[in-house]
Amino acid sequence: MIPAHVPDEPPLTYADSFDVPVLFRNGPARKPRRQWRTAVLKPWAGSGGFPAADGWYVSTTTWREIIKAAIEVGRDVTPHLQNQPRDAHGELVARVAPLYAYLGMHPFMPPFPVPGIKGRRLTLNPVYAFGTERSAKNAAGYRLGMTMAEWVCRSLLGLGQTEHLELGGPISALRNTFKDPKEKLPDLWGQHQAENLYWLIEAKGGDVGLGTLRKGWEQLAAGSKILGSYAHRTVLVGACVRPGDDLLLSIDHGLHFGQPPLTAAGFDIDDESAVGPGNLEDRLGDSDDALIGAARAQMLAYLALRSAPASQLRTVLVPADRASRRRRSGLTTPLEGDDFTRAMRAEARGVVPYIERHTLRARVRSWGLDDFLTCRIPGTEVHLGMSRKLYAACERLHEEDLAIAQRTPGLRAEDQPADDQELSDDAQEERRLTQRRIFREQQEEARPRLRPRLRDAYERGATSDWSELLRRPQEPELDLEGDGGLLEAATPETYLAVSSSSLPPVRA
């Protein structure tokens with residue numbers, strides 16, 4: 001008999017889902033000859049930790065989960081957008097456009113089927129295969145590698161929010177070493193609470209061969225040498241795909257024993273209540289630092305919402321119960337498979353004609369529904385949104401960041417030397433990196449002051465009207481009918497939707 005604790009649930013039927021073969025091994029090796037099609041694949045068991053054994057696995061995910069990873073991974077550019085929030089739209093386009101431009105899907109059922117797989121895999125589309133020059137392929141490979149590394153580490157393996165290593169790494173005393181521009185270091189770092197380990201992560205994407213993986217392993221070794229006596233894991237993610245092949249992920253890993261990690265920088269909580277795996281939003285109620293981290297992670301989305309014209313904003317209904325949107329795996333809950341959300345939306349639509357418009361939002365909230373602010377990112381088919389509470393916290397964080405930029409010499413463009421444009425590209429990049437590091441250090445120094453301020457803003461946001469938060473006289477449109485062409489997903493505090501007509505096409 002199936003154990004009683006296993007829930008009796010219908011199989012997942014998400015419309016944009018596909019399968020990703022994943023190979024775990026303990027060091028770089030040659031790309032296996034098409035074993036991602038012929039090997040006996042083990043089903044991915046869930047998120048929260050590292051697999052007990054190396055070997056071949058397969059995981060089914062959604063395009064929405066991949067897009068969320070693409071939006072949130074990599075360099076934090078928001079320090080440069082303090083006075084130009086509309087430019088956040090451009091950065092979001094840059095992060096998702098290569099995926100839409102070059103990826104497609106094709107049907108494939110492995111010779112040893114795994115229960116629950118969808119029989120579709122990602123591949124490169126003909127535009128990439130026949131019409132893309134080498135430099136564009138390199139740029140697309142970088143974005144693909146970073147996106148899939150983020151997806152693996154957070155959605156599959158339960159790592160918390162990743163950070164770009166260029167800002168100094170996990171140990172304050174080692175930051176100057178991590179900042180050395182002469183060192184070739186890995187891309188990302190994070191702290192895995194369940195494992196109680198630091199993670200160093202290097203991402204490679206495109207036609208990833210053994211030479212590329214060896215370079216990535218050397219970068220991880222350089223970072224590991226700096227981290228030294230602290231226990232940590234090194235993770236090399238190769239997102240390998242060639243025209244006509246499936247997207248294959250190779251995960252080469254190493255475990256380095258040592259003293260346990262320090263309490264995460266600035267965190268005010270003990271290990272038992274530490275920010276949980278994968279998603280900071282699951283712990284916003286009991287951790288001020290999780291709230292700061294979640295607000296930082298969503299600053300691009302906040303800036304996009306804040307600067308969108310009123311005509312492009314709307315609010316969508318989701319259950320106010322945050323626990324209903326905590327997934328057993330991954331970060332997002334697809335809403336088309338959420339019976340609770342569908343039922344509550346239908347009930348609201350049924351009684352709305354009998355309610356005066358000026359009391360509608362209050363009545364909706366009294367029924368246990370919340371309305372998240374959303375907008376479509378121009379130039380994409382991606383819709384992003386968030387709750388009142390998180391929006392209010394992001395607004396307060398933006399105000400604090402703007403104050404830091406204004407009082408810190410050298411951060412403003414008008415403070416830069418006139419001969420800056422005469423510098424080489426490398427010199428300009430080093431100068432900008434120094435500015436970002438100064439900004440981050442100022443942010444961390446402000447953390448004790450930020451905790452109560454963001455907490456107060458977050459709590460006040462729950463009872464604020466959108467017109468008050470947006471500082472506009474009119475409330476955005478409350479969308480009760482929904483858009484049947486959108487595939488929606490939500491987390492406890494954010495919203496993401498993609499157009500069903502713009503998913504990577506499935507080619508025979």
Could I get the full list of side-chain contact (heavy atoms from CB on, under 4.5 Å) partners for T147, not counting sequence neighbours? I66, A69, A70, L99, R143
So does T341 get a backbone contact from the side chain of D338, meaning a donor-acceptor N/O pair under 3.5 Å? yes
C153 side chain near I201 side chain, heavy-atom distance below 4.5 Å: yes
If the condition is side-chain hydrogen bond (donor to acceptor under 3.5 Å, both in side chains), which residues does E493 pass it with, not counting sequence neighbours? R322, S387, Y458
With no hydrogens and no angle check, is any side-chain donor or acceptor of D19 less than 3.5 Å from a backbone partner on V58? no
Does the side chain of L317 come within less than 4.5 Å of M344's, by heavy atoms? no
Check the side chains of E150 and T162 for a donor-acceptor pair under 3.5 angstrom, ignoring hydrogens and angles. yes
So that I can tick it off, tell me whether D288 and R455 are bridged by a salt bridge, with the cut-off set at under 4.0 angstrom between side-chain N and carboxylate O. yes
Is a side-chain N or O of R283 found less than 3.5 angstrom from the main chain of A290, in a donor-acceptor match? no
Less than 4.0 Å between a side-chain N and a carboxylate O, is that true for E65 and K68? no
Is there a side-chain contact between L373 and M386 (heavy atoms, below 4.5 Å)? no
Counting C-beta onward and ignoring hydrogens, is there a side-chain heavy-atom pair between D371 and R388 closer than 4.5 Å? yes
Looking at E347, I'd like to know if its CD atom is crowded, meaning that more than 12 non-hydrogen atoms belonging to other residues, nucleotides or ligands lie closer than 6.0 Å. no
Taken in chain and number order and not counting sequence neighbours, the residues that satisfy ring pair (Phe, Tyr, Trp, His ring centres under 6.0 Å) with W466 are Y391
Would the number of heavy atoms belonging to other residues, nucleotides or ligands and lying under 6.0 Å from CZ of R342 be above 12? yes
Using modelled atom types and a 3.5 Å cut-off, is there a donor and acceptor pairing between side-chain atoms of S155 and backbone atoms of V152? no
In plain terms, say whether D401 and R296 are close enough for a salt bridge, that is, a side-chain N and a carboxylate O under 4.0 Å apart. yes
So that I can tick it off, tell me whether E441 and R437 are bridged by a salt bridge, with the cut-off set at under 4.0 angstrom between side-chain N and carboxylate O. no
Quick check: do F108 and R120 have side-chain heavy atoms less than 4.5 Å from each other? no
Show your working on side chain to side chain donor-acceptor pair (under 3.5 Å) between D246 and H106 and close with a plain yes or no. CA-CA 8 Å; D246 312 329; H106 61 186; 2.5 Å; yes
Start with the C-alpha gap between D370 and V364, add the side-chain angles, then the distance that decides, and say whether side-chain contact (heavy atoms from CB on, under 4.5 Å) holds. CA-CA 7 Å; D370 200 353; V364 164; over 6 Å; no
Run the numbers on V318 and L335 for side-chain contact (heavy atoms from CB on, under 4.5 Å), then give the verdict. CA-CA 9 Å; V318 295; L335 296 185; 4.2 Å; yes
With sequence neighbours left out, the residues meeting side-chain hydrogen bond (donor to acceptor under 3.5 Å, both in side chains) with S499 are S501
Indicate yes or no: at least one non-hydrogen side-chain atom of T380 is less than 4.5 angstrom from one of S502. no
When you measure from the centre of the six-membered ring of Y57, is the NZ or CZ of K42 closer than 6.0 Å and no more than 45° off the axis? yes
By side-chain contact (heavy atoms from CB on, under 4.5 Å), which residues pair with D87, not counting sequence neighbours? L81, Q84
Step by step, would you call M146 with L188 a side-chain contact (heavy atoms from CB on, under 4.5 Å)? CA-CA 9 Å; M146 292 289 282; L188 306 167; 4.0 Å; yes
Are L156 and S59 close enough that some pair of their side-chain heavy atoms sits under 4.5 Å apart? yes
Using the ring of F50 (Phe, Tyr or Trp, six-membered ring only), decide whether R233 places NZ or CZ under 6.0 Å from its centre and within 45 degrees of its axis. yes
Salt-bridge contact R447-D289 (side-chain N to carboxylate O under 4.0 Å): yes
Exam field: side chain D187 to backbone A203, donor-acceptor pair closer than 3.5 Å: yes
Any luck finding a side-chain donor-acceptor pair between D76 and T78 under 3.5 Å? yes
With E163 via side-chain contact (heavy atoms from CB on, under 4.5 Å) - residues at least two apart: W189, R440
Side chains of R471 and E395: does their closest heavy-atom pair fall under 4.5 Å? yes
Output for pair (R75 CZ, L165 CG), nearest 0.5 Å, gives 12.5 Å
So E336 and R64, salt bridge (Lys or Arg N to Asp or Glu O under 4.0 Å) or not? Walk me through it. CA-CA 12 Å; E336 74 272 15; R64 284 160 281 183; 2.7 Å; yes
Verify, without hydrogens or angle tests, whether H192 (side chain) and L157 (backbone) share a donor-acceptor contact under 3.5 angstrom. yes
Is it the case that Q298 and E72 place a side-chain donor and acceptor less than 3.5 Å from each other? yes
Using the ring centroid of each side chain, check whether Y100 and W63 are separated by less than 6.0 Å. yes
